[in-house]
Amino acid sequence: MDADGTHPWDARLGWAYGLIADDPAERAAALVRLADTQGNVRDAHGRFNEMWRLTLPLGGKEQWRDPWRDPAFLQAYETYLEAGSHVLPNALWNRPPGDIRTWPGLPYALLFLEWEARYPHEWTLHAKKWGTKQSLIRDVAVAGHDETVRAKLTDLVEIVVRRAYRCKDREYLRVARAVDSEDLRGRLQTAARSDDPWARLHAGYVLRLLDHPEVPNTIRVWQNWAAAETGARG
């Protein structure tokens, strides 16, 4: 905690909750803040690259200097890292080893995933990082989360199942298996009976793999399921 009782993550990134606000004006204000912080990161990265360039030998004749021994280079690097800690998704990169359930950044990892799930167009325009999405989904797909986190992950699975497929959405099967519950299955069963053909197909697939944990979530398994279901309904 900071001296004023504010958690460092909240002090740096509390504004980012505006990215998932229902109010369009609040989201727009958060996007402006995001653009400003991203600009700070770009500026800091540019200065870091310039310091790196200055360490290179000229014409191959000067002796190589280890940049990590240069205080100015180290300062530029630390400034870049500090700038990134104030913006998503940079602040979520290079998570230290350990239990994600006790990681202080977990609420913001969930925020980043919820932003992509609820407002995919804005996420794609302003913070598209498919690799970050994939790694975060895999990281949070563990058992033993507290009820608040389990509820959020259950919501995310339902949102993703009901929408058109987006890159890395298949990874959410890991989450479904990690937070499997009567509540989740009830939502999936409702989706499987909906008027939306994609929701029916996807929810049915997730339910099947929840019932059969031994079945791998591979593209071939999905394709066979989809072919069988669409053929039977056709």
Side-chain angles (χ1 to χ4, degrees), residues 1-21 25-100 102-140 166-168 171:
M1 291 286 188
D2 288 342
D4 62 359
T6 301
H7 194 285
W9 280 81
D10 296 335
R12 295 193 306 266
L13 287 164
W15 61 268
Y17 281 97
L19 296 169
I20 57 174
E26 189 175 348
R27 291 204 311 280
L31 288 173
V32 171
R33 177 72 176 269
L34 176 68
D36 289 342
T37 53
Q38 287 176 333
N40 293 338
V41 173
R42 285 193 297 271
D43 291 345
H45 191 242
R47 290 191 293 272
F48 171 65
N49 283 340
E50 178 63 16
M51 292 302 302
W52 181 271
R53 185 188 66 81
L54 292 174
T55 66
L56 297 176
L58 299 176
K61 296 181 180 180
E62 292 189 4
Q63 184 177 4
W64 170 261
R65 292 180 295 159
D66 182 358
W68 300 103
R69 296 178 180 273
D70 186 333
F73 179 87
L74 289 174
Q75 180 59 51
Y77 179 67
E78 292 297 330
T79 299
Y80 169 57
L81 292 182
E82 171 63 17
S85 73
H86 291 260
V87 64
L88 296 177
N90 304 51
L92 305 173
W93 297 341
N94 301 316
R95 179 173 71 86
D99 190 342
I100 194 170
T102 60
W103 180 43
L106 177 58
Y108 292 94
L110 296 174
L111 188 158
F112 188 71
L113 294 175
E114 183 175 357
W115 183 26
E116 191 276 336
R118 294 181 58 195
Y119 302 105
H121 180 68
E122 292 174 4
W123 183 92
T124 301
L125 284 177
H126 301 284
K128 182 180 70 174
K129 293 294 182 182
W130 300 118
T132 301
K133 173 185 172 180
Q134 175 178 270
S135 63
L136 289 177
I137 294 171
R138 291 181 174 183
D139 285 350
V140 301
R166 282 171 58 83
C167 185
K168 307 304 180 183
E171 300 289 344

Subject >> From Tyr77 atom OH to His45 atom NE2, the distance as rounded to the nearest 0.5 Å >> reply: 10.0 Å
Subject >> For Lys129 against Pro89, the heavy-atom pair lying closest together >> reply: CG-CG, 3.6 Å
May I have the list of side-chain donor-acceptor pairs in residues 107-118 shorter than 3.5 Å, sequence neighbours left out?
unit_1, atom_1, unit_2, atom_2, d
Tyr108, OH, Asp10, OD1, 2.6
Glu114, OE1, Lys152, NZ, 2.9
Glu114, OE2, Arg118, NH1, 3.1
Glu116, OE1, Lys133, NZ, 3.4
Glu116, OE1, Arg163, NH2, 3.0
Glu116, OE2, Lys133, NZ, 3.2
Glu116, OE2, Arg163, NH2, 3.0
Glu116, OE2, Arg166, NE, 2.6
Glu116, OE2, Arg166, NH2, 3.3
Arg118, NH1, Ile20, O, 2.9
Arg118, NH2, Asp22, OD1, 2.5

Original post:
Out of curiosity, Glu78 CD to Gln75 CD, how far, rounded to the nearest 0.5 Å?
Top reply: 7.0 Å
**OP:** Nearest 0.5 Å please: distance from the CZ atom of Phe48 over to the CG atom of Leu81.
**Re:** 8.0 Å
Subject >> Heavy-atom check, side chain of Trp103 versus side chain of Pro96, under 4.5 Å >> reply: yes
Original post:
Would you say Trp93 and Thr132 make side-chain contact, with heavy atoms under 4.5 Å?
Top reply: yes
Original post:
What are the two closest heavy atoms between Tyr119 and Ala21, and how far apart are they?
Top reply: OH-O, 3.0 Å
**OP:** Find out whether Arg138 and Gln134 are in side-chain contact, i.e. whether some heavy atom of one side chain is under 4.5 Å from a heavy atom of the other.
**Re:** yes
Original post:
Between Thr124 and Lys128, which heavy-atom pair has the shortest distance, and what is it?
Top reply: O-CB, 3.4 Å
Original post:
Where is the tightest heavy-atom contact between Ala44 and Ala83, given as atom of each residue plus distance?
Top reply: CB-CB, 4.1 Å
Original post:
So does Asp99 have more than 12 non-hydrogen atoms from other groups sitting under 6.0 Å from CG?
Top reply: yes
Subject >> Derivation and outcome, side chain to side chain contact (heavy atoms under 4.5 Å, CB included), residues Ser85 and Glu82 >> reply: CA-CA 5 Å; Ser85 73; Glu82 171 63 17; 3.7 Å; yes
**OP:** Determine the minimum heavy-atom distance between Ala91 and Trp9, stating which atoms define it.
**Re:** O-CH2, 3.3 Å
**OP:** Give, for atom CG of Leu19 and atom CZ of Arg27, the distance between the pair rounded to the nearest 0.5 Å.
**Re:** 9.5 Å
**OP:** Using the six-membered ring wherever Trp is involved, compare the ring planes of Trp130 and Trp123 and label them parallel, tilted or perpendicular (cut-offs 30° and 60°).
**Re:** tilted
Original post:
Do you know which two heavy atoms are closest between Leu92 and Leu136, and how far apart they sit?
Top reply: CD1-CD1, 3.7 Å
Donor-acceptor list for residues 32-43 side chains, cut-off 3.5 Å, not counting sequence neighbours:
unit_1, atom_1, unit_2, atom_2, d
Thr37, OG1, Arg33, O, 3.2
Thr37, OG1, Leu34, O, 2.8
Gln38, NE2, His126, O, 2.8

Subject >> All side-chain contact (heavy atoms from CB on, under 4.5 Å) counterparts of Asp139, not counting sequence neighbours >> reply: Arg95, Ile100
